[in-house]
Each structure stands twice: as C-alpha cells, then as structure tokens.
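Reminder, nothing fancy here: chain letters follow the sequence lines and each chain counts from 1. Everything quoted here is computed from the prediction, not taken from an experiment.
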Amino acid sequence: MIRIGAIAVGLFFAAVVFLWSFVPGVITYFTEPTEKAAEYAFHEKAHGPEGGFSFDGPFGKWDYAQLQRGYQVYKEVCAACHSIEYVAFRNLEELGYNEAEVKQEASTFNIPEYNADVAEVTTRPGLPTDHFPPVPYFGAGDPPDLSLMTKARANGSNYVYSLLTGYGEPDPEKLAKYPEFETPAGLYFNPYFANVNISMAPPLMEGIVTYNDGTEATVSQMAQDVSAFLTWTAEPTLIKRKQTGWPVLGFLLFATILAYLSKKQIWASIKPRKKD
Amino acid sequence: MSFAWARQYEPQTGLTKWLDERLPLPRLVYNAVGAGYPVPRNLNYMWNFGVLAGFFLVLQIVTGVVLAMHYAANQLVAFQTVEHIMRNVIWGWLMRYAHANGASFFFIVVYLHIFRGFFYSSYKAPREMIWLLGVVIFLLMMATAFMGYVLPWGQMSYWGAQVITGLFGAIPMVGETLQVWILGGFAPDNAALNRFFSLHFLLPFVIAGVVILHIWALHIPGSSNPTGVEVKSESDTVPFHPYYTAKDGFGLGVILILFGIMVFFLPNALGHPDNYIEANPLSTPAHIVPEWYFWPFYAILRAFTQDLTIPFTGVVLIEAKLLGVIAMFGSILIWFILPWLDKSPVRSGHYRPTFRKFFWFGLIPAMIALFICGGAPAEEPYVMISQVATAYYFLHFLVILPLLSSIEKTEPLPYSITESVLGKDGAGAATPRPAE
C-alpha cells in the first residue's frame, strides 16, 4: 500500500516538474531567447599584477615596504572618501612602524567623541587604541568601508588591483555588437566592476603620491601597493595562518602515516593470505 | 547486546572494579566502541564516516562554545564581534575558520555516510530505526547550519534568512503569520538573530542526544556490511577495538589533512564573499545562494517555475512557490519511508546489477546536477537541468526503487561474510570456520 502511494506521489511530482515547468521552459527558451544585459558582455575577470602578490600561495609573505607604501596610498588618496573602521592605529605596528611612530600617526587623526560637558560631539587627537574614524562623504555614490574589501569580493586582492587599473574606454568591437551600450553621465566605465559602470572617478594617476622610499609612483605600482595594504586590513592574520598551517599539516601527515602503519599491523593477522 | 560471543568487560584495577559496581561507565564505552562490540570483518572505508561525523560534531561544539564566548547576538554589533574574533581574540581566527569549515566537513562526511546507506541499503530491516534517527539528525543539522550562517550578520546571512523563512510564507492560510512568528517580526532583525543564536547553541546538544540513540539502535542488530549478508558466526566479526579504532584513526588522519588544507590555506573558499559585507536590509545581493551543502535542495525548490494549473482554463491548483517548498522538504522527508519502499531482499548494491546502474548513472548524476544548479544563478540552462534532475530524484526513490525490488534479478550472495573475505575453502583463515 505504501509503495503504491509512493509511486503515485513520485509520478505526480515528476510529472508536475516535467510537464508544467520543464516543457514550457524549454518552449520559451527556444521561442523567446533571453538576451543577456549588455553589461554582461563588457564584464571582465579580475587579474593580479604581473608576477602576482608576495602574499599569494601557501608560502606567501608580507612585503612590509609594500604595505607601508600601500598605507600611504590609502591615506593620501582613498581616505578622502573611504574609511577602514575595523583597523586600529595600534595594528599599524604590524606593518613595521614603531610605537612612537604609531602614536604620532594616530595623533594626526581627529576622533569624534560625545562630550557630555558641552552636550556635543567634539573631536580629539587619536590614540593608538583608537580605530580609524568614519569618513564623512557628501558626493554621489556610496563609498564602502574598505577594511574587508578584499574578502568581500571574489578573488578580492586581484579585484581591487584590476578595478584601480581598469578604467578606460569600452572595447570598440563589443561596442559595435552592442551599439546601445553607454555609460550613464556621472559614472565611469570599468569592466571589472559588477555592472561595469562605477560612481568612483579614476582615483589614481601617475605621481599622485610621492613615495617616501623613492619607488616610482605608477598607477600599477600604487594599485598593487594599496591592494596589498587592503589585503592586510581584511585579514591581518593571513600570513600567520599560512605559516601555522605547515607545521600542523606536517604533524597530521606524520600522525596519519603512523595510524596507517598501526592499522596495517593490527589487520595483518586476520587478512587472507595472497592466493598462490 | 548483539552477539553471544561479544567480549565481556573485566575491570582490572581496584578503582575500575569499584567504579564498575557503582557506575559502569567504562563498561558502557567498552561495549559501545571498544573490544566488546563485534563488527563485521569486511567493512570498507565507506564505513569510516559515522565515526568521522561524530568527530566533527564534537569539533563544532568545542569551537562553537569558544566562539560564543566572544560573540554578541545583537544586530548592532554581531558583525563587529565576528571581526573582533578574527582580529583581537588570540587564535580567534583559527576557531572561526575551523568552525565555518568544520560545518562543511560535517556535511561532507554525513553526505558520504548517507550515500553509503543508499548504496548498501543500510536502512533495511532490522536497521530501520538507525536510519530514521539518522534522517532526524540530518534535519537537525540542516536547521543548525542554517541558523549558524545567519549569526555573522553579513549580507548572505540576512538575505538567506529572508529567503528561507519566506518558504514558510508559501504555506496557504497560515503562512504569513507563521513567518512573522518564526522571525519575531516582519523581516529578520534583532529578534530573529537572538532566537537563531539561542537555537544554534541548543540544537547541537539535541543532535548529540539523537546520535546516542542512533548508536544505541545500531548496537541492537550490529553494523551492516558491504555484502549485506548478516553476521552468522564469530569468524564473521572482529572486535571494534583495536580493528576499527585503528582503521577509523587512519581515516580521521586523512580527513584532518584535507580539513587542515581548507582551514589554513583556503578558509573562505566554501563561503560567499558577500558575507563579509554587513547585513543591509536596503541592498539585495545580485544572487542569493545558501551554503554549498544546501544547493541540491535549493535547486529542487527553484525547479518549480510554473503554477500547477488546469490546462486551458487558467485555474491555479497549487502555486509554483508552494510546489517548490513541498518538493524541497519532501525530497528529504521521503527518506523516512525508504525502508518500506525498497523491499528487495538483497541489501548490497554489489549484488543488484540493475539497482547499481540506477544508482551510479541516475541518482549520483542527478545529485551532482542539482548541486551545480543550486549554486548557479536562476538562468538557463541551469533551470532546465535542475527540472530534469528533480524529476529523476523523485522517480528514483518513489517509483524506481519500489518497482525494482519486485522485478530485479539479483546476483547470488556469498554464504557468509567470512566466505566473501576468504573464499569458499577458507584459505588463510586465522579463526577456524565453525562447523554448521
């Protein structure tokens, strides 16, 4: 009885999904092919800088000089609109700055704080324990906090690099195919952005930053430096994680080999002998 | 329990003798997973995954309890406290990545455990109760995992909660009221986050309780085995310890190496980048997808794209969304009646040639297709593929298995487990074959 009922229910569900959903879907698919939005055709996959990042791969390491340059790019360019609120000034010591430098750096920021004496929000110089303050922004668009940006996008470090170096004109061949495609006024074409038109004006131009260490400030150089810095802000423990992984895996491999050998020995006594 | 030749626990020291007379806990362990539990000698590596699932349950509880010490279930700070764990809590990143990937590995080993059950018909008499309890564990796991994914309060957490609780909204009459009751509001917010945290903390202990019942039920008939022939004599079995503790120890090592690779080198590969964006009720992500382990069921949900209507009249019998919800929940609930659908007297797929073909060339490809389609955006060709796979899924369990058990010509079974291992002459048998 239960089997007859099951067969009936099974045939019902299979028939419903096949006849009511699948068949009309196939008919629509062939009679009214859906065109993908033009944006889709212009979209390109994120790629990293030539040679990749120093932190890529299982043996990756931070390039501290690069992280410091990246912080400089963030502070002098990105910080005009974007905050990094999850980062505290004290964390900057991990980039190779000493305590006094961090203290000095923090004090250059104004930290808003509610002051009960005057019943107003006032500002005071930052301390190493403070986090980077919010960045007020009144223009078009909605600049996101960048602390977690490289983890909040697929292939994030490469995405940030591609986005910063990806501004330009649409591919003329694709434009010929999609003549109706245009970038709306006030937006900028960037094939790496999700819908290829972004509110952010190209932020980097050659020489906009003068690096303290004398590195030539090309757009690609600044883009990879700031991508590296934002990879650090997103996951300061990235390298520690990879470096912890190796001894753990080494131990596990050793323990597993021992477990295999003991399993083999224990089972040897009851395994059938090879037939001659 | 189980077999007459099971070894008896004999306390050796004064302390264990004293304990055995008052609270025979060592005896319980000895009989459950020690030398007192005789197990078929021919189990292959597919029989490792029960123990491995138990390991990951414990790992999830341990890492979860530590995370709960630093997490705050409040929509204003939940996302920040997770970042606090990642940045400021010593080894916090390891706890969180182990917990997030531990959930994935828990599902991986449980799926393998379930599909071992499908292939070897482990659900058949006299093991129906083990199977039923297993399905209960799986449903509890799904609920726990779903609520756990909401806790970081990222974009996918929020919108996942919106979509999944919205499923209850599809129920006629009471749906909307039910959805509001579940969420404690009209959309996911602090009330939902708090109750999900509370339940996410509670349910793993409920799972642990059902796992104890699952193991208890297992020890009544004893473990199944790859031949599907029941244990006949002592030579068919070996004591769980040391034989299977050693084998499971090796299996645990292998899975931990894979787990270590994910935790230390690819910790976010199984997650979604959108969950590193704080929940924003005003911004819907382009594609809302659940965690990977729900993809097959999500594909079944979305396969029903059209209302069930009476042709040419436009009268709607059942709305598409409700059909999807019924099919999605039904796709797991039908496992509850599986022991009574598949009545073939032969258990193991090794001796069922036709069943084997349907398993490898029907069920497995359908599940893989559903998995891929569930993770893909709702566009063609994924929708069409998921519809064919959904149809097959229901046909497989509800039509093919019941019919097959009456018409299939099965292959001859070995006389006993010992014979299947050692051959008819029993060459090389360490334990002599007992006379019949």
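- Within 6.0 Å of atom CD in A:Gln265, 12 or fewer heavy atoms from other residues, nucleotides or ligands are found, so the atom counts as exposed in its surroundings.
- Partners of A:Ile7 under the side-chain contact (heavy atoms from CB on, under 4.5 Å) rule, at least two apart in sequence or in another chain, are A:Leu11, B:Val399, B:Pro402, B:Leu403.
- No part of A:Ala194 comes within reach of chain B, as not one of its non-hydrogen atoms sits under 4.5 angstrom from that chain.
- The two atoms that bring A:Trp267 and B:Tyr243 nearest to each other are NE1-O, 2.9 Å, heavy atoms only.
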Side-chain donor/acceptor pairs under 3.5 Å, residues 314-332 of chain B, sequence neighbours excluded:
unit_1   : atom_1 : unit_2   : atom_2 : d
B:Lys321 : NZ     : B:Gly166 : O      : 3.2
B:Ser331 : OG     : B:Met328 : O      : 2.6

Could you give me the CA-CA distance, side-chain angles and deciding distance for A:Thr244 and B:Leu94, then say whether side chain to side chain contact (heavy atoms under 4.5 Å, CB included) is met?
-> CA-CA 10 Å; A:Thr244 313; B:Leu94 180 59; 5.7 Å; no
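- By the 6.0 Å contact criterion, OH on A:Tyr137 is enclosed, its count of non-hydrogen atoms from other residues, nucleotides or ligands being greater than 12.
- Contacts between B:Pro311 and chain A at a heavy-atom distance below 4.5 Å involve the side chain alone, from C-beta outward.
- Annotation: maximal heavy-atom pairing with chain B below 4.5 Å, among A:Arg153, A:Gln243, A:Lys151, occurs at A:Lys151.
- We find the CD1-CZ distance between B:Ile300 and A:Phe13 to be 10.5 Å, quoted to the nearest 0.5 Å.
- Using cut-offs of 30° and 60° on the angle between ring planes, the pair A:Trp246 and B:Phe265 is tilted.
- When all heavy atoms of A:Ala14 and B:Ala391 are compared, the closest pair comes out as CB-O, 3.8 Å.
- Each of B:Thr309, B:Asp342, B:Ile261, B:Thr390 has some count of heavy-atom pairs under 4.5 Å with chain A, and the biggest count is that of B:Thr309.
- Sorted by first and then second residue, the salt bridge (Lys or Arg N to Asp or Glu O under 4.0 Å) pairs involving residues 238-256 of chain A (not counting sequence neighbours) are A:Glu235-A:Arg241.
- At distances below 3.5 Å, not a single donor-acceptor pair connects side-chain atoms of B:Trp340 with backbone N or O atoms of A:Arg3.
- Contacts with chain B were tallied for A:Ala8, A:Gly10, A:Ala255; A:Gly10 has the most, counting heavy-atom pairs under 4.5 Å.
- Proximity to chain A among residues 244-252 of chain B is limited to B:Tyr244, B:Ala246, B:Lys247, B:Gly249, B:Phe250, judged by heavy-atom separations below 4.5 angstrom.
- With rounding to the nearest 0.5 Å, the separation of CG in A:Asn91 from CG in B:Asn88 is 7.0 Å.
- With a 4.5 Å cut-off on non-hydrogen atoms, A:Tyr86 touches chain B through its backbone and its side chain both.
- A:Val17 and B:Gln387 get closest at one heavy-atom pair: CG1-O, 3.8 Å.
- Only the side chain of A:Val248 comes within less than 4.5 Å of a heavy atom in chain B; its backbone stays farther off.
- Formation of a donor-acceptor pair under 3.5 Å by the B:Arg87 side chain with backbone atoms of A:Thr233 is found in this model.
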Start with the C-alpha gap between B:Phe79 and A:Leu148, add the side-chain angles, then the distance that decides, and say whether side chain to side chain contact (heavy atoms under 4.5 Å, CB included) holds.
-> CA-CA 12 Å; B:Phe79 191 83; A:Leu148 284 161; 3.7 Å; yes
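- Ranked by heavy-atom pairs shorter than 4.5 Å toward chain B, the options A:Trp20, A:Phe18, A:Tyr260 are led by A:Trp20.
- Atom CD of B:Gln306 is separated from atom OG1 of A:Thr28 by 7.0 Å, given to the nearest 0.5 angstrom.
- Neither the backbone nor the side chain of A:Phe251 comes within less than 4.5 Å of any heavy atom of chain B.
- For chain B, the option among A:Pro58, A:Ser21, A:Gly57, A:Ala259 with the highest count of heavy-atom pairs below 4.5 Å is A:Ser21.
- When heavy atoms are compared at a cutoff of 4.5 Å, B:Val238 approaches chain A solely by way of its side chain, counted from C-beta outward.
- A:Ala152 approaches B:Ile277 most closely through the heavy-atom pair CB-CG1, 3.7 Å.
- Heavy-atom distances place both the backbone and the side chain of B:Val254 under 4.5 Å from chain A.
- Within a 6.0 Å radius of CD in B:Glu379, more than 12 heavy atoms belonging to other residues, nucleotides or ligands are found.
- In this structure, chain A has heavy atoms under 4.5 Å from both the backbone and the side chain of B:Gln80.
- For a residue to count as touching a neighbouring chain, one of its non-hydrogen atoms must lie under 4.5 Å from one of that chain's; by this rule B:Tyr392 does not touch chain A.
- Atoms CG and CG, from A:Leu249 and B:Leu256 in turn, are 10.0 Å apart once rounded to the nearest 0.5 Å.
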